[in-house]
Amino acid sequence: MLVYPSGIDLSSRALQHLSGLLAGHRRRIGSRWRRLTCGQQALLVLAHLRCGDTYARLAAGFRIGIATAYRYISEAVDLLAALAPTLEQAMTTVRKKAYVILDGTVLPIDRIAADRPYYSGKKKHHGMNVQVLADPAGRLIWASDALPGAVHDLTAARTHGIPDALAVVDIKCWADKAYQGAGPAIRVPFRGKNPRGWRRRHNRDHAKIRSLGERAMATLKCWRLLRKLRCSTTRITAVVRAVVALELAT
């Protein structure tokens, strides 16, 4: 396989943060020798998450075996995932905000047509449902565990306990029509194609506020691995949490 130099659109802070995390982990487990240094392993992981490069391509580029590349990436992803905030921890940040924005997305996966639990009727493709909380500026605060794509956004929000958590901290939340009936803490627009009068003005103002939440979604999907996940569905939550941990740390 031919190998060529490439670049990753990340700052050196992401590399330094992950390198330090890996160095501490190696000291704790007493790892003596590895094919790659902590910095090289961090670069390998960032290339996989940010660029979506496959294990085979990364193994060729770093001159290691495919199994070794998989093992190094899994190790780092699990370390990062453990640092991602839980919903309870995220509420500490939410309390400092005037309000938050809730939105859901379906991350595409390579499942076949027979895998009905993963098929999103709304998006018309197989995927995993992830709920995201953003601040008024559209900055990422928290992302949920991944559920099968067939799960509705409202069901996913209730499964994760988002409406109850927001009600406890008494913070208003803006969301789209999919969250109708989620509770008093979550504000949604009026349903219907052509609302009139004050309802129409309300929906227009609501859309202006909620649209900033798309920045958080765009932040997640800048990590190209999340645009087409080919790993096991049991690993997707860890991948999403790893990305969130990197975004919040840098």
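Note that the structure is a prediction, hence the values are computed from the model and not measured.
Scanning all heavy atoms of the two residues, the minimum distance from Val240 to Ser144 falls at CG1-O, 4.3 Å. Across every non-hydrogen atom of Gln41 and Arg34, the tightest pair is OE1-NH1, 3.8 Å. When every heavy atom of Val3 is checked against every heavy atom of Gly61, the shortest pair comes out as CG1-CA, 3.9 Å. What you find for Val45 and Ala76 is that their closest heavy atoms are CG2-CB, 3.4 Å. Ile236 and Cys231 get closest at one heavy-atom pair: CG1-SG, 3.8 Å. The two atoms that bring Val132 and Ala216 nearest to each other are CG1-CB, 4.0 Å, heavy atoms only.
A donor-acceptor contact shorter than 3.5 Å links the side chain of Arg227 to the backbone of Lys221. Proximity of a side-chain donor or acceptor of Arg13 to a complementary backbone N or O of Thr250 within less than 3.5 Å is detected. Looking only at distances, no side-chain donor or acceptor of Glu214 sits under 3.5 Å from a matching main-chain atom of Ser211. Judged purely by atom type and a 3.5 angstrom limit, Asp145 has no side-chain atom pairing as donor or acceptor with the backbone of Thr237. The backbone N or O of Gly121 lies less than 3.5 Å from a partner atom in the side chain of Lys124, making a donor-acceptor pair. Looking at His160, its side chain never comes within 3.5 Å of a backbone N or O of Leu87 through a donor-acceptor pair. At distances below 3.5 Å, not a single donor-acceptor pair connects side-chain atoms of Thr105 with backbone N or O atoms of Leu107. Of the possible polar contacts, none joining the Thr155 side chain to the Val151 backbone as a donor-acceptor pair under 3.5 Å is found.
Crowding of Lys122 atom NZ: a count of heavy atoms from other residues, nucleotides or ligands under 6.0 Å not exceeding 12. By the 6.0 Å contact criterion, CZ on Arg35 is open, its count of non-hydrogen atoms from other residues, nucleotides or ligands being 12 or less.
Here the CG-CD1 distance, from Leu46 to Ile8, works out to 5.5 Å after rounding to the nearest 0.5 Å. Distance CZ/Arg71 to OG1/Thr68: 4.5 Å, rounded to 0.5 Å. To the nearest 0.5 Å, atom CZ of residue Arg187 and atom NZ of residue Lys172 are 5.0 Å apart. Note that the CG atom of Leu102 and the CG atom of Leu166 stand 7.5 Å from one another [nearest 0.5 Å]. For the atom pair SG (Cys51) and CZ (Arg224), the distance works out to 5.5 Å, reported to the nearest 0.5 Å. Arg210 contributes atom CZ, which lies 10.0 Å from atom CG of Asn203 (distance to the nearest 0.5 angstrom).
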Quiz item: Could you walk me through whether Trp174 and Tyr179 pass the ring pair (Phe, Tyr, Trp, His ring centres under 6.0 Å) check?
Solution: CA-CA 10 Å; Trp174 267 254; Tyr179 298 91; over 10 Å; no

Practice problem: Output, in order, the C-alpha distance, side-chain angles, deciding distance and verdict of ring pair (Phe, Tyr, Trp, His ring centres under 6.0 Å) for Tyr119 and His125. | Solution: CA-CA 6 Å; Tyr119 184 77; His125 61 72; 7.9 Å; no

Exercise. Step by step, work out the ring pair (Phe, Tyr, Trp, His ring centres under 6.0 Å) result for His206 and Phe190.
Key: CA-CA 10 Å; His206 186 281; Phe190 290 104; 9.3 Å; no

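Here Asp9 pairs with Arg50 in a salt bridge; the nearest charged N to carboxylate O distance falls below 4.0 Å. Note on Asp110 versus Arg230: no salt bridge recorded, every NZ/NE/NH1/NH2 to OD/OE distance being 4.0 Å or above. The existence of a salt bridge linking Asp135 and Lys96 is excluded, since no basic side-chain nitrogen approaches an acidic carboxylate oxygen closer than 4.0 Å. Salt bridge status for Arg200 with Asp205: absent, with no side-chain N to carboxylate O gap under 4.0 Å.
Glu75 and Tyr70 share no donor-acceptor pair across their side chains, judged by distance under 3.5 Å alone.
Met128 and Trp142 fall into different hydrophobic clusters, defined by Ile, Leu, Val, Met, Phe, Trp and Tyr side-chain heavy atoms under 4.5 Å apart, directly or through other members.
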